[in-house]
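Right, one structure below, let's go through it.
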Number of protein chains: 2
Amino acid sequence: MGTVKNKENVREASCKEELTAMRDSIDILGGKWKLLIMRYLTNRTTESNHFKKIQRGIDGISAKMLSKELKDLELNLMVTRTIQDTRPVTVNYSITEYGTSIIPVTDMLVQWGLNHREKIRD
Amino acid sequence: MGTVKNKENVREASCKEELTAMRDSIDILGGKWKLLIMRYLTNRTTESNHFKKIQRGIDGISAKMLSKELKDLELNLMVTRTIQDTRPVTVNYSITEYGTSIIPVTDMLVQWGLNHREKIRD
DNA sequence: GCTATTAGTTAACTTTAGGTAACTAGTTAC
DNA sequence: GTAACTAGTTACCTAAAGTTAACTAATAGC
């Protein structure tokens, strides 16, 4: 007890827990589109974001994928879906209060991506 | 000039740039393993991290995937690979100075993952 | 010579993520 | 009645991601 080996084992265990937590994040937010959708929505929280508008805003995403990803995000309480009584009907998607917890992550990823392009150019 | 439409277009454009940057990040760090490997390495910068040790530390990763992902990360200047003159030979992987730029991202993802599990449990 | 360690590689396979295109359905305008 | 808008859905397919297991090669101990 109190040995170096024990300390090592404790750290090892807490490391595993961290990796498990990150695995969860990756499962939920991973793939080609989810973080892009979240970022798009956080950039326009004050406006209405209907399906077609989001699709136009995110280059290359198909209706099928957008629909599927939005469903997943809704299940994970990240976005809400509200049907608007307009002609033709529009469906509004917006980020939830809880969903804003992802903003620090996307902020970092934007910064990192910008910086990495610089870095690699050498 | 100076119209609402113009402002909107400018914001639209900067949003696209952000999404492009994040796409880069996702391309480089996406998938099941890369961020886990980076996290594992940042948790033990002071020690030697040879291939087998990393594989034991990250549940479920195969030699093939670990090898491939480490190569990718090396290409992107995130980790260095050094052959150690031990018997049997060991190969050490460590995070680069530049690679530490990813720590804020993995920190966030660990926190987010822990928090999300709580959230969903309701 | 057999076993075990290291660090991978290779081939063969399965799974899943994602793409494409055609389709439904409700409404409006011409 | 046909075209156009909205928001999807469905079926079919491909390509990429990932898994499994067997193998190489160098070295050491028994």
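Letters go in sequence order (proteins before strands), and every chain restarts at 1. Values below: every heavy atom of this structure, side chains too, minus hydrogens, waters and symmetry copies.
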Return yes when atom CD1 of A:Ile83 has more than 12 non-hydrogen atoms of other residues, nucleotides or ligands closer than 6.0 Å, and no otherwise.
-> no
Taking [atom1] from [X] and [atom2] from [N], how many angstroms apart are they, rounded to a whole number?
| X | N | atom1 | atom2 | result |
| --- | --- | --- | --- | --- |
| B:Ile61 | D:dT19 | CD1 | C1' | 12 Å |
| A:Leu35 | C:dA17 | CG | C1' | 16 Å |
| B:Asp85 | C:dA7 | CG | P | 14 Å |
| A:Asn49 | D:dA7 | CG | P | 11 Å |
| B:Asp27 | D:dA15 | CG | P | 18 Å |
| B:Gln84 | C:dG8 | CD | P | 12 Å |
| A:Leu66 | D:dT6 | CG | P | 13 Å |
| A:Gln55 | C:dG19 | CD | C1' | 13 Å |

Given [options], the nucleotide with the shortest approach to the side chain of [X]:
| X | options | answer |
| --- | --- | --- |
| A:Met65 | C:dT9, C:dG18, D:dA7 | C:dG18 |
| A:Lys32 | C:dT9, C:dG19, C:dG26 | C:dG19 |
| B:Ser67 | C:dA7, D:dG8, C:dT9 | C:dT9 |
| B:Lys52 | D:dG8, C:dG18, C:dT6 | C:dT6 |
| B:His50 | D:dG8, C:dG8, C:dT6 | C:dT6 |
| A:Trp33 | C:dA7, C:dG19, D:dA7 | C:dG19 |
| B:Tyr93 | C:dT6, D:dA7, C:dG8 | C:dG8 |

Using a cut-off of 4.0 Å on non-hydrogen atoms, how would the nucleic acid contact of B:Lys53 be classed: base, sugar-phosphate, or nothing?
-> nothing
Assign B:Lys68 to base, sugar-phosphate, or nothing according to its heavy-atom contacts below 4.0 angstrom with the strands shown.
-> nothing
Just checking, any donor-acceptor pair under 3.5 angstrom between side chains of A:Ser94 and A:Thr80?
-> yes
Determine: side-chain N/O of A:Arg87 to OP1/OP2 of C:dT27, distance under 4.0 Å, yes or no.
-> no
Minimal non-hydrogen separation, A:Ala63 against A:Phe51, with atom names | O-CZ, 3.6 Å
Taking 4.0 angstrom as the limit, do B:Lys34 and B:Glu69 come out as a salt bridge?
-> yes
Between B:Pro88 and A:Pro88, whichever has its closest DNA chain C nucleotide further toward 5' is B:Pro88
Heavy-atom nearest nucleotide on DNA chain C taken for B:Arg56 and for A:Ser62; more 5' hit belongs to B:Arg56
Plane angle bin for B:Tyr98 and A:His116 - parallel if under 30°, tilted between 30 and 60°, otherwise perpendicular | parallel
Just wondering, do A:Met65 and A:Lys32 contact through their side chains at under 4.5 Å, heavy atoms?
-> no
State whether the distance check finds a donor on one side and an acceptor on the other, under 3.5 Å, for side chain A:Lys64 versus base D:dT9.
-> no
Name the residue closer to the 5' end of DNA chain D, choosing between A:Leu70 and B:Val89 according to the nucleotide with the nearest heavy atom.
-> A:Leu70
